[in-house]
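This report concerns only the one structure given below.
In this chain, numbering begins with 1 at the start of the sequence shown.
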Amino acid sequence: MLVIRETIYGKVHADLISTVDGLAYALFGQKKYDDAEQVYNRLLDLWLQSVGKDHPMIAMTLDKIAVFYADQKKFVEAREALQRSVAIRAHFHAMGLSQQATTAFGEGKLPEAKAFYQRALVVLGEPNPVTEDLRKIFEGILKTLDEPLPKSAAPARKSTPASPPKKPN
């Protein structure tokens, strides 16, 4: 089946993902670990090329790879795959919180916006190469939101009305 699909789509195409996933799972089930590892790596590459490095489908594929390694008692590799998977999920979640913060800010709800960014930082957890750039962005935004507004941007104060002009005698 894979050979036919590769003939139709080429070796690198998103339409191969389900077939490659099934093949990896079958090889893993048959305990053909060397072959399965190559196919799992190909599956990961197909997803990376199709959706990018921070997509939740990458996290799900890494979960499969972690189970594959754990079954072989390759715990270091399993842990690395899981850590990367968790970081991708945290990145995705933090981006959602950032969108909520942007909406709150646009509505003039500064405390809510700050709370969403602070929550996003908590979600990102410990420093990780997958999430570090996003962490720096959120920290910078929070710092900006904590700074007082310059006088030119501060709302104008209401002035007291002037005394009415006196009538001439």
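Remark: Ala14 pairs with Ile17, Ser50 by the side-chain contact (heavy atoms from CB on, under 4.5 Å) rule, at least two apart or across chains. For Lys53, the side-chain contact (heavy atoms from CB on, under 4.5 Å) partners at least two apart in sequence or on another chain are Leu48. Residues satisfying the side-chain contact (heavy atoms from CB on, under 4.5 Å) test with Leu82, not counting sequence neighbours, are Asp63, Ala66. Checked against side-chain contact (heavy atoms from CB on, under 4.5 Å), Gln118 has the following partners two or more places apart in sequence or in another chain: Leu142.
The CD1 atom of Ile65 sits 4.5 Å away from atom CG of Leu44, with the distance rounded to the nearest 0.5 Å. Rounding to the nearest 0.5 angstrom, the gap separating the CD atom in Glu126 from the CD atom in Glu132 is 10.5 Å. One distance of note links CD of Gln83 with CG of Asn128; it measures 7.5 Å at 0.5 Å rounding. One distance of note links CG of Asp15 with CG of Leu46; it measures 10.5 Å at 0.5 Å rounding. Separation of atoms CG (Leu23) and OG (Ser18) is listed at 11.5 Å; rounding is to 0.5 Å. In this structure, CZ on Arg79 lies 14.0 Å from OH on Tyr69, to the nearest 0.5 angstrom.
Residue pairs meeting the ring-ring contact (aromatic ring centres under 6.0 Å, His included) criterion with at least one member in residues 93-116, sequence neighbours excluded, do not occur.
Between Ala87 and Thr131, the shortest heavy-atom contact is O-CG2, 3.5 Å. Of all heavy-atom pairs between Ile58 and Arg84, the closest is CG2-NH2, 4.5 Å.
Val123 and Leu145 are assigned to two separate hydrophobic clusters, defined by single-linkage of ILVMFWY side chains at heavy-atom distances under 4.5 Å. By the rule that hydrophobic residues join a cluster once side-chain heavy atoms approach within less than 4.5 Å of another member, Leu43 and Tyr25 end up as members of one cluster. Note on Val86 and Phe92: separate hydrophobic clusters, where clusters join Ile, Leu, Val, Met, Phe, Trp and Tyr whose side-chain heavy atoms are under 4.5 Å apart, directly or indirectly. Both Ile137 and Leu124 sit in one connected hydrophobic cluster of ILVMFWY residues. Membership requires side-chain heavy atoms under 4.5 Å apart, directly or through other members. Linking Ile, Leu, Val, Met, Phe, Trp and Tyr whenever their side-chain heavy atoms come within less than 4.5 Å leaves Phe75 and Val67 in two separate clusters.
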Next item on the list: With side-chain contact (heavy atoms from CB on, under 4.5 Å) as the test, would you mind laying out the steps for Glu147 and Lys143 before giving the verdict?
Entry: CA-CA 7 Å; Glu147 293 174 358; Lys143 185 178 178 185; 4.2 Å; yes
Next item on the list: Test side-chain contact (heavy atoms from CB on, under 4.5 Å) on Lys114 and Asp146 and set out the steps.
Entry: CA-CA 9 Å; Lys114 287 171 63 172; Asp146 284 337; 2.6 Å; yes
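Taking 4.5 Å as the limit, every side-chain heavy atom of Glu77 sits out of range of all side-chain heavy atoms of Glu37. Proximity of Thr102 to Tyr117: side-chain heavy atoms (C-beta onward) are separated by under 4.5 Å at one or more points. When side chains are defined from C-beta on, His55 does not count as touching Trp47, because their heavy atoms never get closer than 4.5 Å. For the pair Met95/Asp54, no side-chain contact is recorded, criterion being any heavy-atom separation below 4.5 Å from C-beta on. Looking at heavy atoms from C-beta onward, Leu97 lies out of side-chain contact with Phe138 at the 4.5 angstrom threshold.
For CZ of Arg119, the number of neighbouring non-hydrogen atoms (other residues, nucleotides, ligands) closer than 6.0 Å is 12 at most. Residue Met57 places its CE atom among more than 12 non-hydrogen atoms of other residues, nucleotides or ligands, all under 6.0 Å distant.
In this structure, the side chain of Ser98 does not engage the main chain of Ala94 through any donor-acceptor pair within 3.5 Å. Looking at Ser85, its side chain never comes within 3.5 Å of a backbone N or O of Ala81 through a donor-acceptor pair.
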Side-chain atoms of residues 27-36: list all donor-acceptor pairs with protein atoms under 3.5 Å, sequence neighbours left out, distances to 0.1 Å.
residue : atom : partner : partner atom : Å
Gln30   : OE1  : Lys32   : NZ           : 3.2
Tyr33   : OH   : Asp71   : OD2          : 2.5

